[in-house]
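In this text, all values refer to a predicted model and were calculated from it rather than measured experimentally.
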Amino acid sequence: MRYEFAPMEGITGYVYRNAHHQYYGKVDRYFTPFITPNQTKKFTSREMNDVLPEHNQGLAIVPQILTNKAEDFLWAAGKLRELGYGEINLNLGCPSGTVVTKKRGSGFLAFPVALDAFLNEVCTEMDRMGMKISVKTRVGKDSPEEWEELLEIYSRYPLSELIVHPRIQTDFYRNHPNLEAYEMAAEKLPEKIPLTYNGDLFSVKDFENLLERFPDTESVMMGRGLLTNPALAEQIDAHVSMTGRKVGQESRETREGQEKQNGHGYREFSDEKRRLREFHDALLAGYAEAIPEDRNVLFKMKELWFYFGQAFENDEKALKQIRKAVRMDVYRDAVAKIFSECELKNPPAFQ
Ligand SMILES: Cc1cc2nc3c(=O)[nH]c(=O)nc-3n(C[C@H](O)[C@H](O)[C@H](O)COP(=O)(O)O)c2cc1C
């Protein structure tokens, strides 16, 4: 099974990816939040910092691009090739209004003829550049009935991966993933294009349900589930590789395990809460180094607590203190309170 960390704009930048990779294992590839190339032919400093090789040492990274212009895509791909990247992911999933009105992200899905022409030009040129292109897509803009035609278009190109988030644009993140649409991809996509499932995998149980319906699944991408429980890929992988074992047994063994450096380079911790605490502290230190003002560092950390907060029992009061904190010492006190007073849910999962 291949595990991929979903791109999450504003969250899974290089600071987050490095800290996650240091403390947690089993994620095979991290996708960057989208880069938006335009006529200026210049990455913003945020975009550049996120993909610089020195900020991504030892991590498998796939940069993601959001555009509907072949020329801009190819310019950005060329720049990324100079930085050492061999594969680029195209964002055809972003549901945000400002993106969609510009016919980008999932907005591009409403224009299948233009999308086909875009892919034709980009795939030909990427091949000439010796680069791979993968696509992350929703299953339609306004209706899942658009999916069959979109799937036919994707099937014609040598994509290195098709990641399907089976919602339509107007769902945003509401409703449930449309598994009938995903099934169509599993059945119809040519074997030469590896298929990855993405959407609402928040627990080992969710993963089991996916495998029950799609036993041939070879690759999954997770976002909110990993943000809430950064050990989720490890837990799923342990469950997959020890067939017949119950999940509860594994988590007990993880707790009893010694803190040590393992073969993957990440540390195994005797206590999950302690590992989460160290991960949190590494994130805070990483942001403090990368971002000038405490206020902005706190803004980043508060965004993360939207997810971390769901991992603990009875943490509402301390969470409120975190949300209100405008000073670093107040923030640190609130974090200390959560870690000392609240238990991790078993299992912690995005709600
Ligand atoms: C805050 C946030 C930021 C996101 N940013 C991106 C992005 O930059 N590129 C992208 O393709 N998808 C983005 N997504 C979508 C996720 O990558 C993913 O497809 C979605 O969260 C569904 O997966 P999940 O249920 O495992 O979270 C974002 C989602 C959220 C909630």
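Judged by distance alone, the side chain of Asn18 and the main-chain N or O of His21 form no donor-acceptor pair under 3.5 Å. Although no hydrogens or angles enter the test, the distance criterion places no donor-acceptor pair under 3.5 Å between the side chain of Asn178 and the main chain of Pro166.
In this structure, His20 has its ring center under 6.0 Å from that of Tyr30. For an aromatic pair to be called close, the ring centres must be under 6.0 Å apart, and Tyr307 with Phe350 satisfies this. Residues Trp147 and Tyr182 place their aromatic rings such that the two centres sit no closer than 6.0 Å. Tyr24 and Phe279 have their aromatic ring centers within a separation under 6.0 angstrom.
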Output a table of donor-acceptor pairs, distance under 3.5 Å, between side-chain atoms of residues 296-306 and any protein atom two or more places apart or on a different chain; print 'none' if there are none.
{"unit_1": "Lys300", "atom_1": "NZ", "unit_2": "Gly10", "atom_2": "O", "d": "2.8"}
{"unit_1": "Lys302", "atom_1": "NZ", "unit_2": "Arg323", "atom_2": "O", "d": "3.2"}
{"unit_1": "Lys302", "atom_1": "NZ", "unit_2": "Ala325", "atom_2": "O", "d": "2.6"}
{"unit_1": "Trp305", "atom_1": "NE1", "unit_2": "Tyr331", "atom_2": "OH", "d": "2.8"}

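Shown here are the side chain to side chain donor-acceptor pair (under 3.5 Å) partners of Ser160, two or more places apart in sequence or in another chain: Glu87. Scored by the salt bridge (charged side-chain N to carboxylate O under 4.0 Å, His left out) test, Asp329 finds Arg327 as partners (sequence neighbours excluded).
For CZ of Arg295, the number of neighbouring non-hydrogen atoms (other residues, nucleotides, ligands) closer than 6.0 Å is 12 at most. Heavy-atom contacts from other residues, nucleotides or ligands closer than 6.0 Å to NZ of Lys141 number more than 12.
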- Pair Leu162-Leu189, side-chain contact (heavy atoms from CB on, under 4.5 Å): steps then yes or no: CA-CA 9 Å; Leu162 183 70; Leu189 196 69; 3.9 Å; yes

- Task: With ring pair (Phe, Tyr, Trp, His ring centres under 6.0 Å) as the test, would you mind laying out the steps for Phe312 and Phe339 before giving the verdict?
- Result: CA-CA 9 Å; Phe312 291 90; Phe339 277 97; 5.3 Å; yes

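In this structure the side chain of Lys337 never reaches within 4.5 angstrom of the side chain of Asp315, judged on heavy atoms.
Distance check, rounded to the nearest 0.5 Å: NZ of Lys26 to OH of Tyr3 gives 7.5 Å.
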